[in-house]
Amino acid sequence: MAGVGLLNFGFEFLEIFAFIVLATVGLAVIFGMMGIINLAHGEFILVGAYATTFAFAAGLPLPLAMLTGVVLTAVFGLVLERLIIRHLYGRLLDSMVVTWGISLVMIQLVRIAFGNAAPGIGIPFGELPVVDGPAYYLVLGVLAVGVLGGLYALFMWTDFGVRARATMQDAETARSMGIDTDRMYMSTFAIGSALAGFTGALYAPVMTITPQYGTGFLVEAFVAVVVGGSSVIVGTLLASGFLGSVNAVFTNVTESTFIGLVAMLLAAIVTIRLMPDGITGFLETVRQRWGENR
Amino acid sequence: MQSGSDGPTLAVLEDRSQDFALTGTPKYRTSMLAIEEINRDGGILGEEVDIFAPDPQSDNMLYQDLTRHAIYREDVDAIWAGYSSATREAIRPIINEHELLYFYTTQYEGGVCDKTVFPMGATARQQLGAVVPYMIEEYGGEIYTIAADYNFGQLSGDWVQIIAEEHGGEVVDEEYIPLSESQFGSTINRIQSADPDFVMSMLVGQTHSAFYEQRLASGLTDIPIGTSTNMAQEYEHLRIDPPALEDVYAGVNYMQELPTDRNEAFVERYYNRWDDAEYINQEAQNNYFSIYLYKEAVERAGTFETDAVIAELESGIEVEAPEGDITLDPETHHMEHNMHVAHSDETHEITFEDAGTIGPAFLEEVGCDLTSEAEQTQYEPGAYYEGI
């Protein structure tokens with residue numbers, strides 16, 4: 001019996017861990033690499049989910065429908081970056097106001113265009129024996145780790161990654177070394193958007209699709225980004241692991257989802273208080289940009 | 001309070017954007033349908049009805065502004081407003097101050113005893129009183145309650161406990177879940193290990209409806225679910241692919257699928273008027289019949305004057321609603337609803353069991369009598385029942 005209990009617990013952890021990683025990763029890339037606080041993050045996820053849902057309803061097989069979601073969100077991000085976001089680099093607070101506005105407009109546009117509800121997809125792969133949970137959550141867990149691994153490889157081991165990091169560290173010098181920084185910003189934003197779209201696509205079968213869908217990811221995403229600190233990939237991994245285990249342990253011990261959520265948020269507060277790295281990187285940027293803006 | 005020579009004005013404040021758009025839009029649309037029909041038939045007391053119906057955007061601050069606007073600038077004769085109880089309680093002080101006639105039409109936790117307020121929706125006691133005894137009869141007495149963690153969910157959980165005890169059932173465990181929660185793995189695990197005879201679900205909102213997809217993928221569909229919130233409000237049985245809502249039983253006074261001639265004609269008129277509409281939810285029907293109820297009361301009174309209209313509403317008035325002929329209880333200002341247990345099968349086809357007429361029993365028990373005492377109160381069950 002204890003073995004089954006442990007398996008159950010592990011499975012619950014996996015569910016929460018995958019959710020936090022996938023909710024966070026797109027936001028973390030855009031914030032960590034570009035210093036844009038994207039309050040429309042949820043609506044990037046929304047684009048991915050809607051594109052997936054309607055592609056699936058139109059008859060595409062689910063993996064292709066999901067790919068459609070990712071591609072469309074990346075294109076959506078690209079267009080937005082060219083039209084609006086690129087004017088906001090280095091203007092942290094302005095970027096928050098503008099992306100918040102984009103978020104409100106997106107939610108209502110989706111409502112006007114597609115109505116208050118979208119067709120469901122249904123969770124694939126059926127039920128897992130022993131833990132009696134959706135087998136799909138295993139896929140989500142593997143993909144969450146896979147996404148982080150892929151990002152690490154991209155930014156650490158490729159030419160593109162070196163250029164992108166150089167641009168983020170010192171755009172002037174990077175430009176003088178012959179790097180097209182404008183293009184680097186553009187592609188990094190597109191990658192962040194594609195990741196958000198990927199999350200929307202993956203969670204389209206699990207959560208009900210409505211115009212408000214994106215807001216369901218925001219708490220976990222922002223808390224994890226702040227707790228994770230300035231390092232995008234390792235930060236996301238550690239924050240998700242930590243917050244996920246606190247949530248799973250407390251939910252299990254107290255048998256209450258509510259206490260699990262409270263414990264997770266309290267843990268985030270304590271972490272930020274005790275581990276300056278997570279929070280100072282964040283505060284330092286805010287203070288710098290704030291100073292520039294005045 | 002009264003409108004001048006330029007005819008009566010009714011305020012309809014129902015959400016068409018933000019959080020409550022899904023449930024508010026049908027309420028707005030049936031209200032427009034009713035008023036347009038009434039105007040086509042010669043209005044009320046021979047006067048054409050004007051409409052004040054801006055979008056309150058699911059925002060309680062905006063609701064308060066618009067309610068004041070309706071009173072001061074539009075000089076409205078009556079108001080239909082709000083989906084959630086939080087909205088109702090945000091505007092009720094303004095309505096009390098001006099003694100405005102207010103029809104609140106959402107199914108709600110119950111207990112409002114207020115001279116100028118007419119709660120037209122079924123209360124938690126009426127809905128749960130229909131479905132909980134039915135479930136105990138069909139499946140047995142062990143109940144696992146899951147409910148949204150706020151005022152409405154908590155009070156509904158209390159009512160499940162009270163009604164279960166009255167019918168020889170028992171709540172073996174209960175969990176209140178934050179409205180933002182979308183991952184139900186641990187909750188589903190706990191239900192599986194408790195293995196109750198049935199689950200009572202008072203989950204609320206579009207984030208919570210993810211529970212049903214996850215229920216299916218976790219093989220929980222063998223445990224039936226009773227509910228007072230799902231299907232009749234946010235039509236989960238149409239929004240979510242079958243068979244996620246297999247064996248869900250809802251206590252309702254109305255669902256669009258109700259197979260009577262009168263209702264089918266109503267549904268046809270609605271979709272002719274709004275061809276892109278998605279569903280007529282329970283509260284939308286309540287808006288529709290209560291506007292006709294208001295018309296009847298005004299015509300009996302022969303005036304739009306509020307006190308005279310309330311006196312007629314308190315005279316045991318009856319209305320031909322799409323759900324059937326129903327009566328307004330004079331003492332409590334609530335409806336004696338025709339209740340049904342609506343069952344969704346594995347294809348999400350809805351069938352109905354008649355649960356009879358259920359009145360607002362709780363307010364009668366606590367002695368609410370608005371015909372003799374003009375209160376402005378909300379009673380809660382915790383003060384009247386022990387052990388909850």
Side-chain angles (χ1 to χ4, degrees), chain A residues 1 4-5 8-9 11-16 18-20 104 107-108 111-112 115-129 131-137 203 205-213 215-220 247-248 250-252 255-262, chain B residues 15-26 55 57-58 146 149 173-194 205-221 234-236 238-244 276-279:
Chain A
M1 273 321 277
V4 174
N8 264 329
F9 171 75
F11 193 69
E12 282 170 28
F13 168 75
L14 186 72
E15 175 190 351
I16 298 168
F19 184 75
I20 301 177
L104 294 178
I107 291 176
Q108 196 58 23
R111 195 185 295 289
I112 291 167
N116 285 312
I121 291 179
I123 304 177
F125 304 129
E127 184 193 342
L128 212 59
V131 294
D132 290 335
Y136 185 59
Y137 286 178
Y203 277 91
V206 181
M207 289 158 67
T208 324
I209 313 286
T210 67
Q212 238 84 18
Y213 174 83
T215 55
F217 295 86
L218 287 190
V219 174
E220 280 80 358
N247 190 326
F250 277 85
T251 304
N252 241 283
E255 307 210 330
S256 156
T257 316
F258 173 69
I259 305 278
L261 187 64
V262 170
Chain B
D15 305 311
R16 275 156 280 151
S17 54
Q18 303 294 331
D19 291 8
F20 292 109
L22 181 83
T23 44
T25 306
D55 177 7
Q57 301 169 22
S58 312
I146 51 174
D149 193 9
D173 207 345
E174 52 184 6
E175 185 179 358
Y176 295 95
I177 298 165
L179 283 164
S180 60
E181 190 60 52
S182 63
Q183 309 299 311
F184 290 91
S186 62
T187 301
I188 288 172
N189 257 341
R190 280 193 290 282
I191 296 174
Q192 278 160 341
S193 47
Q206 291 136 51
T207 313
H208 275 183
S209 51
F211 168 77
Y212 288 102
E213 306 260 19
Q214 294 169 27
R215 168 194 187 230
L216 174 65
S218 306
L220 194 66
T221 38
E234 297 190 342
Y235 48 99
E236 287 85 352
L238 299 185
R239 283 169 42 223
I240 301 171
D241 273 356
D276 65 336
E278 286 152 354
Y279 194 70

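Just so it is clear, the values below take in all heavy atoms, side chains as well, and ignore hydrogens, waters and symmetry mates.
In terms of heavy-atom pairs under 4.5 angstrom with chain A, the leader among B:Asp149, B:Asp173, B:Leu220 is B:Asp149. The most heavy-atom pairs under 4.5 Å with chain A, out of B:Asn189, B:Ile240, B:Thr207, come from B:Asn189. With respect to chain B, the highest number of heavy-atom pairs below 4.5 Å among A:Tyr137, A:Phe11, A:Phe258 belongs to A:Phe258. Each of B:Gly205, B:Ala217, B:Ala210, B:Pro242 has some count of heavy-atom pairs under 4.5 Å with chain A, and the biggest count is that of B:Ala217. Counting heavy-atom pairs closer than 4.5 Å to chain B, the top residue among A:Asp132, A:Asn8, A:Thr210, A:Ile123 is A:Asp132.
Residues satisfying the ring-ring contact (aromatic ring centres under 6.0 Å, His included) test with A:Phe217, not counting sequence neighbours, are A:Phe19, A:Tyr203, A:Tyr213.
The part of A:Pro205 that comes within reach of chain B is its backbone (N, CA, C, O), which places non-hydrogen atoms under 4.5 angstrom from that chain. Contacts between B:Gln18 and chain A at a heavy-atom distance below 4.5 Å involve backbone atoms as well as side-chain atoms. Contacts between A:Ala118 and chain B at a heavy-atom distance below 4.5 Å involve the backbone alone (N, CA, C, O). Of the two parts of B:Leu216, neither the backbone nor the side chain holds a non-hydrogen atom closer than 4.5 Å to a non-hydrogen atom of chain A. Heavy-atom distances place the side chain of A:Gln212, and not its backbone, under 4.5 Å from chain B. Interface remark: A:Ile121 contributes backbone atoms only to the contact with chain B (heavy atom separation under 4.5 Å). Interface remark: B:Thr25 contributes side-chain atoms only to the contact with chain A (heavy atom separation under 4.5 Å). For a residue to count as touching a neighbouring chain, one of its non-hydrogen atoms must lie under 4.5 Å from one of that chain's; by this rule B:Asp19 touches chain A with backbone and side chain alike. When heavy atoms are compared at a cutoff of 4.5 Å, B:Gln214 approaches chain A by way of both its backbone and its side chain. With a 4.5 Å cut-off on non-hydrogen atoms, A:Phe9 does not touch chain B at all. Residue contact with chain A, scored on non-hydrogen atoms closer than 4.5 Å, is absent for B:Ala244.
Taking all atoms of both residues into account, the shortest heavy-atom contact from B:Ser218 to A:Gly133 is OG-CA, 3.9 Å.
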Do any side-chain atoms of residues 180-188 of chain B form donor-acceptor pairs under 3.5 angstrom with protein atoms, and if so which ones, sequence neighbours left out?
residue: B:Glu181; atom: OE2; partner: B:Gln183; partner atom: N; Å: 3.3
residue: B:Thr187; atom: OG1; partner: A:Thr257; partner atom: OG1; Å: 3.1
residue: B:Thr187; atom: OG1; partner: B:Glu175; partner atom: OE1; Å: 3.4

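A:Gln108 contributes atom CD, which lies 10.5 Å from atom CZ of B:Arg16 (distance to the nearest 0.5 angstrom). With rounding to the nearest 0.5 angstrom, the CD atom of B:Glu174 is 11.5 Å from the OG atom of A:Ser256. Rounded to the nearest 0.5 angstrom, B:His208 NE2 and A:Thr208 OG1 are separated by 11.0 Å.
In this structure, B:Arg239 and A:Ile209 have side chains that are not in contact, with every pair of non-hydrogen atoms separated by 4.5 Å or more.
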